[in-house]
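The shown structure was predicted, so the numbers you read here are calculated from the model rather than taken from an experiment. For the numbers below, each heavy atom of this structure counts, side chains included, while hydrogens, waters and symmetry mates do not. Below, chain A is the first sequence line, B the second, and so on; all start at residue 1.
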Protein chains: 2
Amino acid sequence: MAYADQYIEKLRKSGLRPTKQRIKICEVLFDAEKTFHFTIKELVKIIENQANIKVSLATVYNTVHAFIKKGYLKEIPLNASQSYYDTNVSHHHHFFDVEENRLIDIHQDDVDEVNIKRTIPGKKIRSVEVIAKIVSDNQSQK
Amino acid sequence: MAYADQYIEKLRKSGLRPTKQRIKICEVLFDAEKTFHFTIKELVKIIENQANIKVSLATVYNTVHAFIKKGYLKEIPLNASQSYYDTNVSHHHHFFDVEENRLIDIHQDDVDEVNIKRTIPGKKIRSVEVIAKIVSDNQSQK
DNA sequence: ATAATACATTATATTTATTCTAAACTGTTG
DNA sequence: CAACAGTTTAGAATAAATATAATGTATTAT
Ligand SMILES: [Mn+2]
Ligand SMILES: [Mn+2]
Ligand SMILES: [Zn+2]
Ligand SMILES: [Zn+2]
């Protein structure tokens, strides 16, 4: 548990006390070498599989929302039935594989700056996100 | 009810019989001079306000989904709690006013073609959508 | 360290969007 | 018009998300 201090700091900065449930959540979210996308249900399953401790749904939701508010996680709206979350909080875009229901990151560098030639009076742009839906390329013809 | 024939045709092409409930739904959706965005709840309210007939939630959901499948409506994912729908089925993008929870169309012409310099083997892009979140521009300084 | 306090966890209940069910009803076809 | 296929509907079921409130734990004060 070498990284525990970082998690404690993250929790404290989010206004949360470092309890063992929350530290476990941090381990799963921020210990991975790679960032990843998840649903709450998947996150709970990961925690259950790799930990001996029990974490209630309410705690997971509360902690995830605190991290979103603080910018340690991002929420990605894809469909109405369920939220997707992202441990990659850098500015980036996504492919969404509609057949496999899977998100794939597109680095900001891999998309030319999106130039919107229209403004709304009294409003400013806070963020711009691109979602490219992808499907199997069944080029069986020819 | 001059446009009824068009609605009947739209329904038939969607594989639906033209019942009076469905024609009423079409009137609300496709009679407007302008396209608009709506939630199911809002659509039901509009129907209730302007019609003498009763339409059940199940019928509204089923009809909306049939139209989406046929391409007469588009679904716009914005948050996990509720789906937004769009009667503008042309290729376009959106501002989303996060304070007022309101969608605003951005014509395709108002956004330079989004150039994604990355591909996924075996997959092809079906659609590309841009969502720009906007907030109040409180330029009280200076 | 101990006690007091504030905050956290949890099981459970609630809310709400969406989907399902099955009985009554309606459009279509011959 | 009869027969059939498809439709509407109220209400039930489902499932994500949030709220509640009793119990437990980290922190702070003593
Ligand atoms: Mn949604
Ligand atoms: Mn839901
Ligand atoms: Zn991502
Ligand atoms: Zn639109």
Side-chain angles (χ1 to χ4, degrees), chain A residues 1 4-5 7-28 37-45 47-48 51-70 73-85 101, chain B residues 1 4-5 7-28 37-48 51-70 73 75-85 101:
Chain A
M1 250 169 243
D5 288 351
Y7 304 149
I8 290 172
E9 197 185 335
K10 260 192 162 119
L11 287 165
R12 285 250 156 77
K13 283 187 176 168
S14 304
L16 298 176
R17 286 183 181 169
T19 63
K20 66 173 180 301
Q21 289 84 352
R22 288 171 176 163
I23 289 172
K24 183 70 220 171
I25 293 172
C26 287
E27 278 177 38
V28 171
H37 307 102
F38 63 92
T39 64
I40 294 292
K41 209 157 109 184
E42 288 166 355
L43 179 55
V44 169
K45 197 161 293 175
I47 292 170
E48 279 176 358
N52 33 5
I53 72 177
K54 176 94 186 156
V55 181
S56 76
L57 247 196
T59 298
V60 174
Y61 271 109
N62 291 340
T63 306
V64 164
H65 283 149
F67 286 154
I68 289 169
K69 196 168 169 187
K70 194 65 185 175
L73 291 176
K74 277 206 304 187
E75 188 163 9
I76 303 186
L78 281 173
N79 61 64
S81 67
Q82 193 176 40
S83 272
Y84 283 72
Y85 302 92
N101 250 53
Chain B
M1 251 172 237
D5 288 350
Y7 304 149
I8 290 172
E9 197 184 333
K10 260 192 161 115
L11 287 165
R12 285 250 157 77
K13 283 186 176 168
S14 304
L16 297 176
R17 285 184 183 169
T19 63
K20 66 174 180 298
Q21 289 84 349
R22 288 172 176 160
I23 290 172
K24 183 71 219 170
I25 293 171
C26 287
E27 277 176 37
V28 171
H37 307 101
F38 63 93
T39 64
I40 294 291
K41 211 157 106 182
E42 289 166 354
L43 179 56
V44 169
K45 198 162 292 175
I46 296 170
I47 291 170
E48 278 176 358
N52 34 4
I53 73 177
K54 177 96 185 151
V55 181
S56 75
L57 248 195
T59 297
V60 173
Y61 272 109
N62 291 341
T63 305
V64 164
H65 284 149
F67 286 153
I68 288 169
K69 195 167 168 189
K70 193 65 185 178
L73 291 175
E75 189 164 8
I76 303 184
L78 281 173
N79 60 64
S81 67
Q82 192 176 40
S83 273
Y84 282 72
Y85 301 91
N101 251 53

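A close approach under 4.0 Å does occur between a side-chain nitrogen or oxygen of A/Q21 and OP1 or OP2 of C/dT10. The side chain of A/H65 places no N or O atom within less than 4.0 Å of a non-bridging phosphate oxygen (OP1 or OP2) of D/dA17. Proximity of A/R22 to the phosphate of D/dA26: no side-chain N or O atom is located under 4.0 Å from OP1 or OP2. Checking the phosphate oxygens (OP1, OP2) of D/dA16, no side-chain nitrogen or oxygen of B/Q82 falls inside 4.0 Å.
The nucleotide whose nearest atom lies closest to any side-chain atom of A/S56 is, among C/dT10, C/dA8, D/dT9, C/dT10. Closest approach to the B/K41 side chain among C/dA17, D/dT9, C/dA8 is made by C/dA17 (side chain taken as heavy atoms from C-beta onward). Nearest nucleotide to the A/S83 side chain, out of C/dA17, D/dA17, D/dA26: D/dA17. Side-chain proximity of B/A58 to the nucleotides D/dA5, C/dA8, D/dT9 is greatest for D/dT9. Which of D/dT9, D/dA16, C/dT9 sits closest to the side chain of B/T59 comes down to D/dT9. The nucleotide whose nearest atom lies closest to any side-chain atom of B/I40 is, among C/dT18, D/dT9, C/dT9, C/dT18. Which of D/dA16, D/dA26, C/dT26 sits closest to the side chain of A/R17 comes down to D/dA26. Nearest nucleotide to the side chain of A/K54, out of C/dT18, C/dG27, C/dA11: C/dA11. Candidate nucleotides C/dA17, D/dT27, D/dT7 were compared by shortest atom distance to the side chain of A/R12, and D/dT27 ranks first. Listed nucleotides: D/dT7, C/dA17, D/dT27. Nearest to the side chain of B/Y61: C/dA17.
Residue-level contact check: B/L57 touches the bases, meaning some heavy atom is under 4.0 Å from a base atom. Here A/T19 lies in heavy-atom contact (under 4.0 Å) with sugar-phosphate atoms only.
To the nearest angstrom, C1' of C/dT10 lies 13 Å from CD1 of A/I25. Separating the CG atom of B/L43 from the P atom of C/dT18 is a distance of 12 Å, rounded to the nearest angstrom. In this structure, CD of B/E42 is placed 11 Å from P of C/dT18, rounded to the nearest angstrom. C/dG27 atom C1' lies 11 Å from atom CD1 of B/I23, rounded to whole Å. Atom-to-atom, CD1 of A/I47 to C1' of C/dT9 comes out at 13 Å; the value is rounded to the nearest Å. Counting to the nearest Å, the C1' atom of C/dT9 and the CG atom of A/N62 are 9 Å from each other. Per the geometry, NZ belonging to A/K24 stands 20 Å off P belonging to C/dA8, to the nearest Å. Following rounding to the nearest Å, A/L78 (CG) and D/dA16 (P) show an atom-to-atom distance of 15 Å.
Between A/S83 and A/T39, the closest side-chain pair of non-hydrogen atoms is not below 4.5 Å. A 4.5 Å side-chain heavy-atom check between A/Y85 and A/V64 finds at least one atom pair inside the cut-off.
A donor-acceptor contact shorter than 3.5 Å is absent between the side chain of A/R22 and the backbone of A/L16.
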Set out, in order, the CA-CA distance, both residues' side-chain angles and the distance that settles side-chain contact (heavy atoms from CB on, under 4.5 Å) for A/Y84 and A/I40, then state yes or no. CA-CA 8 Å; A/Y84 283 72; A/I40 294 292; over 6 Å; no

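By the 4.0 Å N-to-carboxylate-O rule, B/E27 lies close enough to B/K24 to be salt-bridged with it.
With no hydrogens or angles considered, no side-chain donor-acceptor pair links A/T59 and A/Q21 at under 3.5 Å.
The residue among A/P18 and B/K20 whose nearest nucleotide of DNA chain D lies closer to the 5′ end is B/K20.
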